[in-house]
Undergrad: 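Got a structure for you, written out below as structure tokens; questions coming shortly.
Worth saying up front: this structure is predicted, and the values here are computed from it rather than measured.
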Protein chains: 2
Amino acid sequence: MKVSIKDIAKKAGVAPSTVSRALKNHPRISADMQATIQALAAEMGYVPSESARHLAGKQSRTIGVAIPDFTDPFYMNILSGIEEVAIAHQHELFVGSFNQDLDRDRKLFDAFDQKRLAGFVVAGSLVDAAYLTRDSGDIPAVLINHYEYPFSVAIDQMRGVEMGVNHLISLGHRKIAYVSLGTTTSSDSLRYQGYINGLESSGFSTNPNWVVEGDGGIAGGLSAAKRLMALPDPPTAIMCYNDRTAIGVINGLHQIGIAVPDDVSVVGFDDLEIAAYFLPSLTTIQQPHVHLGRQAAEKLFALMHGATVQAELLEPKLIRRNSTGPKK
Amino acid sequence: MKVSIKDIAKKAGVAPSTVSRALKNHPRISADMQATIQALAAEMGYVPSESARHLAGKQSRTIGVAIPDFTDPFYMNILSGIEEVAIAHQHELFVGSFNQDLDRDRKLFDAFDQKRLAGFVVAGSLVDAAYLTRDSGDIPAVLINHYEYPFSVAIDQMRGVEMGVNHLISLGHRKIAYVSLGTTTSSDSLRYQGYINGLESSGFSTNPNWVVEGDGGIAGGLSAAKRLMALPDPPTAIMCYNDRTAIGVINGLHQIGIAVPDDVSVVGFDDLEIAAYFLPSLTTIQQPHVHLGRQAAEKLFALMHGATVQAELLEPKLIRRNSTGPKK
DNA sequence: AAATCAGGTGCAAACGTTAGCATTGCGCAA
DNA sequence: TTGCGCAATGCTAACGTTTGCACCTGATTT
């Protein structure tokens, strides 16, 4: 069905190897022959088989990316950054998510191995562990927002949350709550630690009641906000695990008639596109998402080319907008 | 470097074919041998080569997906639906976006061909044309939201916008604007036509000044809103190409002190997650995104299995929320 | 005029796996 | 004892491509 190099060779009356070379403008094939073969190939609708190419010794031109979930905009931004540099390097992407399924992460890494990928990027603390405990030896990999792995690109999440908390303190807030991710991942504990640090470095006490669990999404933030405000001594400011949580929180507050930032201030984390356009716009900690992806990919290519690279820790940045009010 | 079936065979003192069969529990291999080989394979860290497998005649277990952009949540939802059923059918996904790059769509389809994919799904009217004009003959494909192609899953976009316009009319609005996608695609012209139909079927005139171009994103909606309200005779309601445009529109209105829905009503299209949580929440036309993806994938698998399938046109649904006010 | 050179091309092995067919023992029926 | 069938395994070709090396033919060098 599919025309192969042999078919072309037969029709042109030459050897398959000549066709192979002619198609890639090998210098030892005459210009005449190259033109003839290429025309013939086009006419016959020849499409090279990637599998065969790959088998015959060439290195793979595909890099893998593992992300938690296709519907999380944060990871999509990262992905988009990775894709950008992959294309620039003439590589393709094989992207896999590992959603709800607990087995899926293993399967994903198995797939990476079976494809003999040139390298891959792992984004999302949920799988870091899964990756690190397997011995998929030789394929170079870069992790995003992981801190122990030698090849990683990360932003200082702990410091980020601390900056958010400090900002709230500087506005006069003393009752500051935190809505967490709600699953035990390194990101979650780092950000929580940042919250504690921010409070303690200013000499304020922490109230365990003011730390509640979200789910990293809007719905989790919404219910967390309601739980917080039902407390006998509700907070006046809420630091959130991420922007989606913050949006949920603001929405939840709105539902029970609490205005942001007039009554309660809210800080997010990520600086998604929507953060700038939500009403009120979100004060948040910026992660340079696309840049993060780009950096990770660049690092991966460096690694693939044998360069020595080292872990990189990017500085977060506070973006002040309207979900935190003026100084009280 | 990588251990192959031959390495295992050598070590076990059997033929490669025996190893191959033992690894897949072939009935004609003794249980003993199977156990021995499998243990040995595990111990040696054997990982099958997908390329070799694929070359040796097996059909590919990968389906391709072409989307416009990784950062557009609408397509990510679709993707997530596709992925779900792909996994259920034990297939993998090869996802490609074709971003800004005009050449990229061709390259993407070339990649599909070179990989000898089992089939693919094309989402996004920008590439439909690119796909339809090429003769990538034998690989089954399903398009999303395309109307001429025999194998497609689509919702009735024209009807959707018409429903939105009718809703606005029923609230008493007469000056209704439309913010388009701004590029000539079938989606854009269909939705525009729905706008015209909605107006004309109620006997209202259309004012060309009230049709302005967005860009499918938030920024485009924002500037469109400002342009509309600067008109000598500004509209009192705005129908938008999609939710992201609507969010931009509401934001733009907010910037110039116009309240939604008190002063102006806004309707979106898609029903993204954020639509329900934006403030004000968005009245919008629901596309069953994830379902759309699932349907498309199911249809693709049916097609791959030789079943006869036909195009499917889903009914849109108006979701009434707070960006459109009570009857005036 | 003989030997060398180089450009142009063909041969064949290799990549890792699968699958059809052939082969080897063996126990068992005739 | 001879022949047979069956279970278990080996042989080999094939998938489509690449690549090192050998080969041929004119043309250039001495």
Undergrad: What integer distance in Å separates A:Leu23:CG from D:dT19:P?
TA: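 Atom CG in A:Leu23 sits about 13 Å away from atom P in D:dT19.
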
Undergrad: Strictly under 4.0 angstrom, non-hydrogen atoms only: write out the protein contact profile of nucleotides 8-18 of chain D, one letter per nucleotide from the 5' end, B, S or -.
TA: BBBB---BBBB

Undergrad: Does a side chain donor of either A:Ser152 or A:Glu312 reach within less than 3.5 Å of an acceptor in the other side chain?
TA: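 No pair is found: no donor N or O on one side chain lies under 3.5 Å from an acceptor on the other.
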
Undergrad: Nearest-Å distance, CD1 (B:Ile37) to P (C:dT18)?
TA: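 Spelled out: CD1 on B:Ile37 to P on C:dT18 is 13 Å.
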
Undergrad: Can you tell me how far C1' of C:dG16 sits from NZ of B:Lys10, to the nearest Å?
TA: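 It works out to 13 Å between those atoms.
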
Undergrad: Does any non-hydrogen side-chain atom of A:Glu298 lie less than 4.5 Å from one of A:His89?
TA: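 Result yes, sub-4.5 Å side-chain heavy-atom pair found.
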
Undergrad: Tell me the interatomic distance from A:Ile8, atom CD1, to C:dG10, atom P, rounded to whole angstroms.
TA: 14 Å

Undergrad: Can you tell me how far the CD atom of A:Gln157 sits from the CG atom of A:Asp188, to the nearest 0.5 Å?
TA: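 Here the interatomic distance stands at 10.0 Å.
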
Undergrad: Examine the side chains of A:Asn77 and A:Gln287 and answer whether a donor and an acceptor come within less than 3.5 Å of each other.
TA: no

Undergrad: Heavy atoms, side chains only, cut-off 4.5 Å: are B:Tyr75 and B:His289 in contact?
TA: no

Undergrad: Using the ring of A:Phe94 (Phe, Tyr or Trp, six-membered ring only), decide whether A:Lys115 places NZ or CZ under 6.0 Å from its centre and within 45 degrees of its axis.
TA: yes

